[in-house]
Amino acid sequence: MIDLSPDEFRRLGYRAIDILADQMDTIRDYPTRQPMPDVVRERFMKQPLPESGCDPTELIESFADEILPYPMGNASPRFFAWVNSPPAPLAVLAELLAAGLNPSVAGGDHAATYVEHAVLNWLKTIMGYPLDAGGVLASGGSAANLIALGVMRHIKTEGSVRAQGIQTKSAPMVIYTSTQGHGCIQKAIEVLGFGHEYLRKIPVDADYQMDMDALRTQIAVDRDSGLIPVCVAASAGTVNTGAIDPLEAIADLCGAENMWFHVDGAYGGVGILAEPDLYTGLARADSLAIDPHKWLYMPVECGCVLVKDAAAMRDAYSLVPPYVRDDAAMPWFSEFSIQQTRGFKALKLWMVMQQIGVEGYRELISRDIALAKTLQAKIQTRQDFELVAAGSLSVTCFRYAPAGVPETVLAHLNRALLTTVQREGRAFITSTELNGKLVLRACIVNFRTTHHDLDILLDVLAEAGQNALAAAS
Ligand SMILES: Cc1ncc(COP(=O)(O)O)c(C=O)c1O
């Protein structure tokens, strides 16, 4: 029987909440990750199709026994990898309530629709966008960038793309991002049919920001070759170093060149709350991707796309013909992106944004940035580490580099220590490549991380580094 009695639902629900509350209680004392035992991995990989049913109590307990102990690790204060935050606890409860209500937020006159509008209005306000801009919540940053660039494609083909595809222009259209632009921009350009040969990856300066001279030169070269420059996809917080491209200069250039100005703010967009001066020009973007499941601490999934010209966004995706549109009624979200049935993602944001307010978010984001600065200062005072890049947000790129170890050995050493640290799980960190060098990359989007956790991270890395060095000599 699929249905549960209200009493059984209550009993199971309380148990589920207890499991998560116990996890919160002990999160500091637990390793960030623990190795997944072979037997548990095998059990999942070869789990037979369940022919008959079982007791739901068993399933809740098997979550506690077999899934919860082997997390990705991002609830832990010592998780520094990628851009994955712990979830705001109230948002976890909101996920339960949203699923319990289970509306489709394609649109229509029911509460979830208006909650999403409320949240979108708040996000527009934070980002300096007008309230009449178009917008939808999406699955994440990749989807948000794709949806935004889809509107760009619609505009730059004068709408013909919907009927005739991408091939109607006299010459190929060209899109520009930096060498530090996120891979999802390239994916979007490929999916949208431009082809990545027409995505120019512009070099960056010493601060990993898009080099404006190189951008101008490349646009001129492309025009001279008969190509059609259509869009700059800038970053407001690159994933590698947190660099923010010169947004104001790009806005000016796009204006002068009649190009679409898109900003990928999936990681760093909401950093505007803490460091508004770094974001001058952002509000001039034609479209913007932000990702509340990163720095607004929403449980995955929750992205957001905003497009200045709501009518363009609707025209790019709506299948309601203009002659039957009721422009007096509120348009459905499904007219503004590719999804029809849509989950109630807005509830979690609606709750947490009210719980802590913009002031609370400003403090949390500022605190993460301050922690990153502290980590950078600690690295600089130690003899065994080298600071490689410190962006203005919360990413630190560094290496284990004790004096006297030749450059040729350092990459191997850092790779080896990373493997050990990731396997052991006392802290979790990943790497990236900058100027051809492998570097450790610590990103702090974590309201649980403390100064002490930074010391643990460096100690764990140094210990693994010493062992790797000893093993290599
Ligand atoms: C700058 C940037 N853009 C886009 C993305 C992709 O976002 P998502 O993983 O939510 O699809 C990320 C993810 O880390 C990112 O950091």
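All ligand and atom numbering here is 1-based and tracks the order in the structure. Basis for what follows: all heavy atoms, side chains included, without hydrogens, waters or symmetry-related copies. Because the structure is predicted, anything quoted here is derived from the model rather than measured.
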Which residue supplies the protein heavy atom nearest to [atom], what is that atom called, and how far is it?
atom	answer
atom 10 (O) of ligand 1	D291 OD2, 2.7 Å
atom 15 (C) of ligand 1	H182 CD2, 3.4 Å
atom 3 (N) of ligand 1	D264 OD2, 2.6 Å

Passing candidate, side-chain hydrogen bond (donor to acceptor under 3.5 Å, both in side chains) with H262, options T177, D286, N145: N145
Non-hydrogen side-chain atoms of V263 and Y279 separated by less than 4.5 Å: no
Heavy-atom check, side chain of V105 versus side chain of L137, under 4.5 Å: no
Could you report the tightest heavy-atom contact between [X] and [Y], atom names first, then the distance?
X	Y	result
S394	V445	OG-CG1, 4.2 Å
I272	I126	CG2-O, 3.7 Å
A427	T32	CA-OG1, 3.7 Å
W295	I444	NE1-O, 3.9 Å
A138	I147	CB-CD1, 4.1 Å

Relative to the heavy atoms of [X], which atoms of ligand 1 are at a distance of less than 4.0 Å?
X	value
G141	7 (O), 8 (P), 10 (O), 11 (O)
V83	14 (O), 16 (O)
C184	4 (C)
G140	10 (O)
G237	1 (C)
Y267	16 (O)

Under 3.5 Å: N/O of N145 near N/O of ligand 1: no
Contact check: S142 vs ligand 1, nitrogen or oxygen atoms, below 3.5 angstrom: yes
Heavy atom of S235, distance to ligand 1 below 4.0 Å: no
G303 touching ligand 1 at heavy-atom level, < 4.0 angstrom: no
Side-chain ion pair, E190 and K187, N-O less than 4.0 Å: no
Pair R284 + E248: basic N to acidic O under 4.0 Å: yes
Nearest candidate to atom 16 (O) of ligand 1, where distance is taken over non-hydrogen atoms, out of T238, L146, V239: V239
Region of K294 that comes within reach of ligand 1 [heavy atoms, distance under 4.0 Å]: side chain
